[in-house]
Amino acid sequence: MDKKDALFPAGKTSFAPELTIRNGVTDIDFYKNAFGAIENMRLNNDDGSVHVAEFFIDEAMFHVHEVTRSAMFSPEKHNGTTVTLGLMTEDVHGVIAQAIAAGAQLVSLAKDYEYGYRQGEIKDPFGHHWVIQCRIPASPDWKG
C-alpha cells in the first residue's frame, strides 16, 4: 500500500483543490517554503515549465496546474480568485510570517473572531488567497 492508498482508503472522502497557474511557470517552491508542503509528483512540459504538480501539507493534498482549458484561468488573469483556501494550523502568526518571507502578500493581519477562530489572509505569488486559521474558544457573548 503506497502513501496515497493509506491516506485515501476506499470510502473516505477528501478534497484535493487544483490551483491554476499561468503557463510558463517553472518555480513553484513557494508552497514548500511557505507551508512546508511536500512535492509528491510533478510533470513538466518540454520547456521545463510546470504542467501539474501534486503536494501534501501533512495529509492534505492539493495540485498546482497550468492553464489547459478555456474554463481554467489563473487568478492573475482577472486580479481575483473564485475560491479562498483555508489552512488550519496551530501557529497562525508563524505560518503567515513564513509565507510572507517566501513571497506571499499580506491581505489581512491575523486576529481573533468572536465565533471562535483566529484568522489572517495572504495572497500567494500566483494570486491564490489563503486564510491561515486556527480554532480558539468562542466569545461567551457570541450567539451563533
Side-chain angles (χ1 to χ4, degrees), residues 1-9 11-45 48-69 71-144:
M1 179 182 298
D2 69 13
K3 179 179 180 177
K4 284 188 221 175
D5 291 335
L7 290 173
F8 308 110
K12 182 178 176 185
T13 302
S14 65
F15 283 94
E18 186 172 283
L19 307 181
T20 305
I21 57 172
R22 70 186 177 280
N23 294 46
V25 171
T26 57
D27 184 2
I28 54 174
D29 283 348
F30 167 80
Y31 300 107
K32 296 175 188 178
N33 298 330
F35 306 129
I38 304 297
E39 187 175 316
N40 189 54
M41 177 275 296
R42 181 190 297 206
L43 299 173
N44 285 331
N45 298 310
S49 64
V50 175
H51 175 68
V52 63
E54 179 179 87
F55 287 96
F56 282 89
I57 301 173
D58 295 328
E59 294 182 0
M61 178 175 38
F62 68 98
H63 296 94
V64 174
H65 202 296
E66 71 174 342
V67 175
T68 57
R69 301 182 306 277
M72 294 173 71
F73 57 86
S74 71
E76 297 162 310
K77 180 174 182 176
H78 297 290
N79 194 29
T81 185
T82 60
V83 67
T84 298
L85 298 144
L87 180 62
M88 300 298 289
T89 181
E90 292 180 11
D91 184 9
V92 171
H93 297 282
V95 170
I96 289 173
Q98 187 171 317
I100 290 169
Q105 294 177 338
L106 182 65
V107 174
S108 65
L109 292 170
K111 67 179 191 175
D112 294 349
Y113 291 90
E114 66 278 356
Y115 49 81
Y117 277 80
R118 175 173 297 133
Q119 298 174 311
E121 187 172 349
I122 59 147
K123 181 170 80 170
D124 76 25
F126 308 103
H128 301 284
H129 285 244
W130 296 74
V131 174
I132 312 303
Q133 57 194 338
C134 70
R135 290 187 180 203
I136 58 172
S139 168
D141 299 328
W142 187 62
K143 304 290 188 221

For this session: Please check if any side-chain donor atom of N45 sits under 3.5 Å from a side-chain acceptor atom of E66, or the reverse.
Result: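 Yes - a donor-acceptor pair under 3.5 Å links their side chains.
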Do you know the tightest heavy-atom contact between [X] and [Y]?
X: A104; Y: I122; value: CB-CD1, 3.8 Å
X: A34; Y: A99; value: CB-CA, 3.6 Å
X: P75; Y: G127; value: CB-O, 3.4 Å
X: P125; Y: G103; value: CG-O, 3.7 Å
X: I96; Y: A110; value: CD1-CB, 3.9 Å
X: T26; Y: V50; value: O-CG2, 4.2 Å

Once you round to the nearest 0.5 Å, how far does [atom1] of [X] lie from [atom2] of [Y]?
X: E76; Y: T81; atom1: CD; atom2: OG1; result: 11.0 Å
X: T20; Y: H63; atom1: OG1; atom2: NE2; result: 12.0 Å
X: M72; Y: N23; atom1: CE; atom2: CG; result: 8.5 Å
X: Q98; Y: D91; atom1: CD; atom2: CG; result: 9.0 Å
X: Q105; Y: I100; atom1: CD; atom2: CD1; result: 9.5 Å
X: F62; Y: E54; atom1: CZ; atom2: CD; result: 10.0 Å

Exercise. Within the distance-only criterion (no hydrogens, no angle test), does the side chain of H128 pair as donor or acceptor with the backbone N or O of V83 below 3.5 angstrom?
Worked result: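 A pair under 3.5 Å: no.
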[X] vs [Y] side-chain heavy atoms within contact, under 4.5 Å:
X: Y31; Y: V64; result: yes
X: K77; Y: R22; result: no
X: F35; Y: F55; result: no

Exercise. So L19 and F126, side chain to side chain contact (heavy atoms under 4.5 Å, CB included) or not? Walk me through it.
Worked result: CA-CA 9 Å; L19 307 181; F126 308 103; over 6 Å; no
For this session: Would you check, one step at a time, whether the test side chain to side chain contact (heavy atoms under 4.5 Å, CB included) holds for L85 with F15?
Result: CA-CA 11 Å; L85 298 144; F15 283 94; over 6 Å; no
For this session: Identify the residue among I136, I132, T89 that makes a side chain to side chain contact (heavy atoms under 4.5 Å, CB included) with R118.
Result: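 That would be I136.
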Problem set entry | Contact list for residues 129-144, test side chain to side chain donor-acceptor pair (under 3.5 Å), sequence neighbours left out |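 Matches after skipping sequence neighbours: Y117-R135, Q119-Q133, E121-H129, D124-W130.
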For this session: Step by step, work out the side chain to side chain contact (heavy atoms under 4.5 Å, CB included) result for T68 and H51.
Result: CA-CA 9 Å; T68 57; H51 175 68; 3.7 Å; yes
